[in-house]
Amino acid sequence: MTRRAVVKGVGHYLPQRVVPNSEFEKSLDTTDEWIKSRSGIERRHFAAKDETTSDLAAHAATAALKMAGLDANEIDAIIVATSTADLTFPSAATMVQNKIGNTTAYAFDVQAVCAGFVFALTNANALIASGQADSVLVIGAETFSRIMDWTDRGTCVLFGDGAGALVLKAELGDGTANDRGVLACDLNSDGRYKDLLYVDGGTSTRTTGMLRMEGKEVFRHAVEKLAATTDRALEKAGLTADDGDWVVPHQANIRIIQSTAKKLGVEMDRVIVTVQDHGNTSAASIPLALSVAVANGQIKQGDLIATEAIGGGLAWGAVALRW
Ligand code: UT7
């Protein structure tokens, strides 16, 4: 028998304020048409002034716990994937722990930028597989609106705020790809590419800083690396892209999503797409997409899913799981 990390609940939270592309036309040399055609984004949500990343995360976590039918104190570990924690420390995860009323778990953040959720899910799976935890709350949450340079039209129109969460529980499977739960993971990073996507603040500057990106270069790496990591994760599970029901990609740009699907040989009707409504929510984008797809009946129990992401670092990876 094999210990598997099985999804028992999923939930998401989006801040109330919706910002359509047209709002940027007032302050920047840009158009709704450019943003839509180059990125696929039509709108995004921005957090209210007094709303923090851990607030968004706690709302998503509460929804996921409700679906799982679990009390907050039945959770053994809380992992938050974020690059926009409320404070430098303590972790957003300990803040979420306090907000949902959990006193039994150990909580920590994972920082792998837009690939953060894939890294956090892989860590959650490792905790469950090794017996370090029986139930794990994995959250992706971001307030990228706080690190935008509102004068840089090449970046500030692309990102949004939001949170998504999964509740994972240990279950025994027979060790085959027919098991429910996480089947295989593939993680990668290459620090030589740090200048392609970074925030120009931190302890070295004593400022929070703003996001800087060489969009074209990141795009070039994205398609090639995402297709390769997805193939590797599926191969580790003894599967190919043909076996899958859904690809749930990081939602950065519809053109990256389409090109990666094409490279994988997957038709777009098997790809979950939410980028038009959320923009790029970094580590929150995959759990948000999973939650939306479950809510609208696309993803069902037993479906085979490949999820993949790339972001600053560069860091990238993929997870194959059966819902
Ligand atoms: O989540 C982490 C991973 N991040 C990503 O995956 C982002 C990857 N990159 C991208 O999504 C795309 O590269 C962008 C959407 C950022 C840009 O699309 P592009 O097709 O690569 O455009 P570009 O950067 O080559 O810019 C083309 C033109 C430039 O003008 P010139 O130099 O040709 O005169 C830009 O200055 O578009 C201009 N431009 C804009 N025009 C109107 C850049 N941003 C804007 C804008 N509105 N908002």
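Atoms within a ligand are numbered from 1 in the order they appear, just like the ligands themselves.
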Atom pairs and distances, side-chain donor-acceptor, residues 256-265, under 3.5 Å, sequence neighbours left out:
from: Ser259; atom 1: OG; to: Arg255; atom 2: O; distance (Å): 2.8
from: Thr260; atom 1: OG1; to: Ile256; atom 2: O; distance (Å): 2.7

Enumerate the pairs of nitrogen or oxygen atoms, one from ligand 1 and one from the protein, separated by less than 3.5 angstrom; state names and distance to 0.1 Å.
from: ligand 1; atom 1: 1 (O); to: His250; atom 2: NE2; distance (Å): 2.9
from: ligand 1; atom 1: 1 (O); to: Asn280; atom 2: ND2; distance (Å): 2.6
from: ligand 1; atom 1: 9 (N); to: Gly215; atom 2: O; distance (Å): 3.0
from: ligand 1; atom 1: 11 (O); to: Asn253; atom 2: ND2; distance (Å): 2.7
from: ligand 1; atom 1: 13 (O); to: Gly215; atom 2: O; distance (Å): 3.2
from: ligand 1; atom 1: 20 (O); to: Arg38; atom 2: NE; distance (Å): 3.1
from: ligand 1; atom 1: 20 (O); to: Arg38; atom 2: NH2; distance (Å): 2.6
from: ligand 1; atom 1: 20 (O); to: Arg255; atom 2: NH1; distance (Å): 3.3
from: ligand 1; atom 1: 20 (O); to: Arg255; atom 2: NH2; distance (Å): 3.3
from: ligand 1; atom 1: 25 (O); to: Lys216; atom 2: NZ; distance (Å): 2.7
from: ligand 1; atom 1: 36 (O); to: Arg153; atom 2: NH2; distance (Å): 3.0
from: ligand 1; atom 1: 37 (O); to: Trp34; atom 2: NE1; distance (Å): 3.4
from: ligand 1; atom 1: 41 (N); to: Trp34; atom 2: NE1; distance (Å): 3.4
from: ligand 1; atom 1: 41 (N); to: Arg153; atom 2: NH1; distance (Å): 3.4
from: ligand 1; atom 1: 47 (N); to: Thr30; atom 2: OG1; distance (Å): 2.6
from: ligand 1; atom 1: 48 (N); to: Thr30; atom 2: OG1; distance (Å): 3.1
from: ligand 1; atom 1: 48 (N); to: Arg153; atom 2: O; distance (Å): 2.9

What side-chain donor-acceptor pairs closer than 3.5 Å can you find for residues 280-291, not counting sequence neighbours?
from: Asn280; atom 1: OD1; to: His250; atom 2: NE2; distance (Å): 3.3
from: Asn280; atom 1: OD1; to: Ser282; atom 2: N; distance (Å): 2.8
from: Thr281; atom 1: OG1; to: Ser285; atom 2: N; distance (Å): 3.1
from: Ser282; atom 1: OG; to: Cys114; atom 2: N; distance (Å): 3.4
from: Ser282; atom 1: OG; to: Glu142; atom 2: OE2; distance (Å): 3.1
from: Ser285; atom 1: OG; to: His250; atom 2: ND1; distance (Å): 2.7
from: Ser285; atom 1: OG; to: Gln251; atom 2: N; distance (Å): 3.0
from: Ser291; atom 1: OG; to: His12; atom 2: N; distance (Å): 3.4
from: Ser291; atom 1: OG; to: His12; atom 2: ND1; distance (Å): 2.7

N-O pairing of Glu23 and Arg17 below 4.0 Å | yes
Salt bridge or not for Asp161 and Arg44, using N-O below 4.0 Å?
-> no
Show the atom names and distances, to 0.1 Å, of all donor-acceptor pairs under 3.5 Å that link a side chain in residues 313-323 to residues at least two apart or in another chain.
from: Arg322; atom 1: NE; to: Ala177; atom 2: O; distance (Å): 2.9
from: Arg322; atom 1: NH1; to: Gly302; atom 2: O; distance (Å): 2.9
from: Arg322; atom 1: NH2; to: Ala177; atom 2: O; distance (Å): 2.9

Name the one of Asp277, Asp32, Asn21 that satisfies side-chain hydrogen bond (donor to acceptor under 3.5 Å, both in side chains) with Arg43?
-> Asp277
